[in-house]
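One structure is given below, encoded as C-alpha cells.
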2 protein chains.
Amino acid sequence: MTRDSLIRALEAAESHCAGRGEKLTPVRRRVLELVLEADAPVKAYDLLEALKPGPGAAKPPTVYRALDFLMAAGLVHKVEALNAFVGCSHAHDDGGAELFICSDCGSVEERHGAPDPVNMPDGFVIERSVVEHFGHCANCRH
Amino acid sequence: MTRDSLIRALEAAESHCAGRGEKLTPVRRRVLELVLEADAPVKAYDLLEALKPGPGAAKPPTVYRALDFLMAAGLVHKVEALNAFVGCSHAHDDGGAELFICSDCGSVEERHGAPDPVNMPDGFVIERSVVEHFGHCANCRH
DNA sequence: TGCGAGTGGTGATATTATAACATCCGTGAT
DNA sequence: ATCACGGATGTTATAATATCACCACTCGCA
Ligand SMILES: [Zn+2]
Ligand SMILES: [Zn+2]
Ligand SMILES: [Zn+2]
Ligand SMILES: [Zn+2]
C-alpha cells in the first residue's frame, strides 16, 4: 500500500465513521494505520509492540478495544484461522467478506457477494459467515 | 448422538486409522469419544478437565497432540472462529468441510462439496478453506 | 454547575497453545 | 537376548492470545 493510498484510506475511514456518528480517535486511527500499512495479517501483540514507542505505552485492552471498534465499523477484518487482522478498503458494515490468503507471502485479497451455500441444512438461517481460503497467490505459484 | 451410534462411530474411526497405518490409541480414542459425545463444539481445556479423573491426569500437550492426530485423520474439525472442536462422522482426509453452527443451541451440521468461489483472485490456488456459518438452526428459529 | 455516555489507562487474570526434554514401549535387526 | 530406533506419551515450563474490573478523563448537555 503506497503512502498516498494509505492517506486516502484513512480519510475515507474518517468520513465513514463520521457518517455513522462515531469517532475515529487517535488510538483507533493509529491502529488502523498500522493494519493498513502491513502487507500481511497483523497480530494484536505486534500492534501492541508498534504502539509502545508512541505517546502512551499501550496495554492489551487498548489494542483490542480499537480492533473491536474497527471491526464493527467494517474497517478491519479478523482472520479467524490466524488470530490476526487485515485492513479493509471497502468499509462494508456486514462482516461477510471472503478472504484469500497466500501462505507464502501473506498477501490477502478480499472478495464479496459469494452465493448462498448450496447444501444448507433445512431451515438454517445464516447470520454471519467466516470464509477464509489459504493457498498460493499468482506471484508465489511455483 | 446415541450410545449406539457413538460406539459405531468409534469402531469406524478405529478401522479408518488402521487403513491409514495409524493407531487410535487409548488417549486419542478417549478424546474422540468426548468430542463426539458433546452436542456442541468442545474447548481443548474442557477436554483436559474431562480427562482429569481418568487413569492419568492429562496435561495440555496430551490433549493438543490427540486433537492434532484426530484432525489429520479427518475425525475431528476445528471451528476456527470458536477455538473449539467438533467430531466428524464422515472421516474425510481433506479438511474441506463447510460447517453450520447454531449460535443458540451450539449444534453443528457439516456439509461438503461447496463449489469453488466465483470471484477468486486471478491465479490463486486454494490449498485449504475455512468455511463456518453462524446463525440459527431450524429448531431455534423464533 | 452537575450529570452521563463514551473513551481510554492500568493491573491483574483468564484462555488457548507450544517448546523442550525425559520416558516408555513395540518392532525388527544383530 | 539385546540393542537401536521411531512413535507415542509424560512432564515442566512458558508463550501467545484475550478479557475483566476498576478508575480517570472529557465532552456535550440539562
Ligand atoms: Zn472488507
Ligand atoms: Zn503470495
Ligand atoms: Zn468432516
Ligand atoms: Zn439451534
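In what follows, chains are A, B, ... by sequence order, proteins preceding strands, each numbered from 1.
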Counting only non-hydrogen atoms, which of residues 62-70 of chain A are less than 4.0 Å from DNA chain C?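 Here the set is A/Thr62, A/Arg65.
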Which distance, rounded to the nearest 0.5 Å, do you find between the CG of B/Leu10 and the OG of B/Ser15?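 The OG atom of B/Ser15 is 11.0 Å from CG of B/Leu10, to the nearest 0.5 Å.
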Let me confirm one number: the CZ-CE distance from B/Phe85 to B/Met71, rounded to the nearest 0.5 Å. 5.0 Å
Between [N] atom [atom2] and [X] atom [atom1], what is the distance in whole Å?
X       : N      : atom1 : atom2 : answer
A/Leu82 : D/dA18 : CG    : C1'   : 17 Å
B/Leu48 : C/dT15 : CG    : P     : 13 Å
B/Leu47 : C/dA17 : CG    : P     : 11 Å
A/Glu49 : D/dA16 : CD    : C1'   : 12 Å
A/Glu80 : D/dA16 : CD    : P     : 20 Å

Restricting to side chain to side chain donor-acceptor pair (under 3.5 Å), what partner residues turn up for A/Glu37, sequence neighbours left out?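 Listed in chain order: nothing, the list is empty.
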Please tell me if [X] has a side-chain N or O lying less than 4.0 Å from either OP1 or OP2 of [N].
X       : N      : value
B/Lys43 : C/dT16 : yes
A/Lys59 : D/dC22 : no
A/Asn83 : D/dA18 : yes

Write out all pairs satisfying ring-ring contact (aromatic ring centres under 6.0 Å, His included) with one or both partners inside residues 96-123 of chain A, taking only residues at least two apart or from two chains. A/His90-A/His112, A/His92-A/His112, A/Phe100-A/His133, A/Phe100-B/Phe124
Between A/Arg111 (side chain only) and B/Asn119 (backbone N and O only), is there a donor and an acceptor less than 3.5 Å apart? yes
Grab the two heavy atoms, one from B/Glu80 and one from B/Glu132, that are nearest each other, plus how far apart they are. N-OE2, 2.6 Å
Which atom of B/Glu110 lies closest to which atom of B/Gly87, heavy atoms considered: OE1-O, 4.5 Å
In residues 10-37 of chain A, which residues come under 4.0 Å of DNA chain D by heavy atom?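 Those residues whose heavy atoms fall under 4.0 Å from DNA chain D, taken from residues 10-37 of chain A, amount to none.
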Any idea which of D/dT12, C/dT10, C/dT16 is nearest the B/Pro61 side chain?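 Given the options D/dT12, C/dT10, C/dT16, the side chain of B/Pro61 is closest to D/dT12.
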Could you tell me which residues satisfy ring pair (Phe, Tyr, Trp, His ring centres under 6.0 Å) with B/His16, sequence neighbours excluded, listed by chain and number?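 Checked B/His16 against ring pair (Phe, Tyr, Trp, His ring centres under 6.0 Å); zero matches.
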For the base of D/dA15, is there a side-chain donor-acceptor partner from A/Tyr45 under 3.5 Å away?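 Counting by modelled atom types and ignoring angles, no donor-acceptor contact under 3.5 Å is found here.
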Can you give each donor-acceptor pair under 3.5 Å made by side-chain atoms of residues 26-34 of chain B, sequence neighbours left out, with the distance rounded to 0.1 Å?
residue	atom	partner	partner atom	Å
B/Arg28	NH1	B/Lys23	O	2.7
B/Arg29	NH1	B/Glu14	OE1	2.4

